[in-house]
Amino acid sequence: PADPLSPQEHGLDFQRLLDASAYKEPFRQDMIRWGEEKRHADPGYFCRAAVEGALQPVWVVSDTRRFSDVEWFQNVYGDVVQTVRVVATEETRKKRNWVFVTGVDDAESECGLDQGVAFDWVITNDGDKVALGEQLEMLLQSLHRSL
């Protein structure tokens with residue numbers, strides 16, 4: 001059966017739902033609610049989907065949003081998991097057209113990892129390409145050493 005929030009069922013442009021534009025905003029709360037229902041029934045639902053069929057020695061699982069996601073990866077893969085948080089100041093985020101929306105930006109889907117996770121890496125992305133590149137290079141070097 002079709003997923004009730006599938007882009008096809010609602011005539012949505014799947015690629016535009018993935019970008020940073022305002023296109024997804026009218027659907028965002030419904031997507032969050034649907035995701036919460038799935039996670040409540042099965043906390044590993046999305047995590048298993050992310051790794052299904054993956055055979056590479058290093059995976060980048062981007063945009064995890066909840067402690068239960070981080071916990072799932074750590075429980076399943078143990079010490080090989082490296083957690084990375086990318087941060088930017090509120091000023092930088094506003095310059096990138098971010099506007100705080102009550103009920104969305106203060107929901108677990110947006111701030112569930114703001115506390116309780118000791119990240120292995122914290123990368124700052126405030127627009128300084130050289131600094132960002134240096135941070136990413138350090139992360140890559142560390143990953144290469146652990147292979």
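All of these numbers come straight from a predicted model, not from anything done at the bench.
- Shown here are the ring pair (Phe, Tyr, Trp, His ring centres under 6.0 Å) partners of F73, two or more places apart in sequence or in another chain: there are none.
- The cluster map of Ile, Leu, Val, Met, Phe, Trp and Tyr, joined by side-chain heavy atoms under 4.5 Å apart, puts V84 and V80 in different clusters.
- Listed by first and then second residue, the side chain to side chain donor-acceptor pair (under 3.5 Å) pairs involving residues 68-82 are Q82-W121 (not counting sequence neighbours).
- Residues in residues 113-125 take part in these salt bridge (charged side-chain N to carboxylate O under 4.0 Å, His left out) pairs, two or more places apart or across chains: R85-D114.
- Checked against side-chain hydrogen bond (donor to acceptor under 3.5 Å, both in side chains), E91 has the following partners two or more places apart in sequence or in another chain: K95.
- Residues in residues 50-64 take part in these side chain to side chain donor-acceptor pair (under 3.5 Å) pairs, two or more places apart or across chains: D63-R65.
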List the atom pairs, with distances to 0.1 Å, where a side-chain N or O of residues 133-147 and a protein N or O form a donor-acceptor pair under 3.5 Å, not counting sequence neighbours.
from: Q135; atom 1: OE1; to: T124; atom 2: N; distance (Å): 2.7
from: Q135; atom 1: NE2; to: T124; atom 2: O; distance (Å): 2.9
from: Q135; atom 1: NE2; to: A131; atom 2: O; distance (Å): 3.1
from: E137; atom 1: OE2; to: Q141; atom 2: NE2; distance (Å): 3.2
from: S146; atom 1: OG; to: L143; atom 2: O; distance (Å): 2.8

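- Partners of R96 under the salt bridge (Lys or Arg N to Asp or Glu O under 4.0 Å) rule, at least two apart in sequence or in another chain, do not exist in this structure.
- F46 and V76 are assigned to two separate hydrophobic clusters, defined by single-linkage of ILVMFWY side chains at heavy-atom distances under 4.5 Å.
- Under the rule for a salt bridge (Lys or Arg N to Asp or Glu O under 4.0 Å), the partners of R66 that lie at least two apart in sequence or sit in another chain are E36.
- Distance alone, capped at 3.5 Å, is enough to place a donor-acceptor pair between the D126 side chain and the T89 backbone.
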Please list every donor-acceptor pair under 3.5 Å in which a side-chain atom of residues 97-108 meets a protein atom from a residue at least two apart or in another chain.
from: D105; atom 1: OD1; to: R28; atom 2: NH2; distance (Å): 3.2
from: D105; atom 1: OD2; to: V101; atom 2: N; distance (Å): 2.7
from: D106; atom 1: OD1; to: G103; atom 2: N; distance (Å): 2.7

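- Under the 4.5 Å side-chain heavy-atom criterion for ILVMFWY residues, no single connected hydrophobic cluster contains both L132 and F119.
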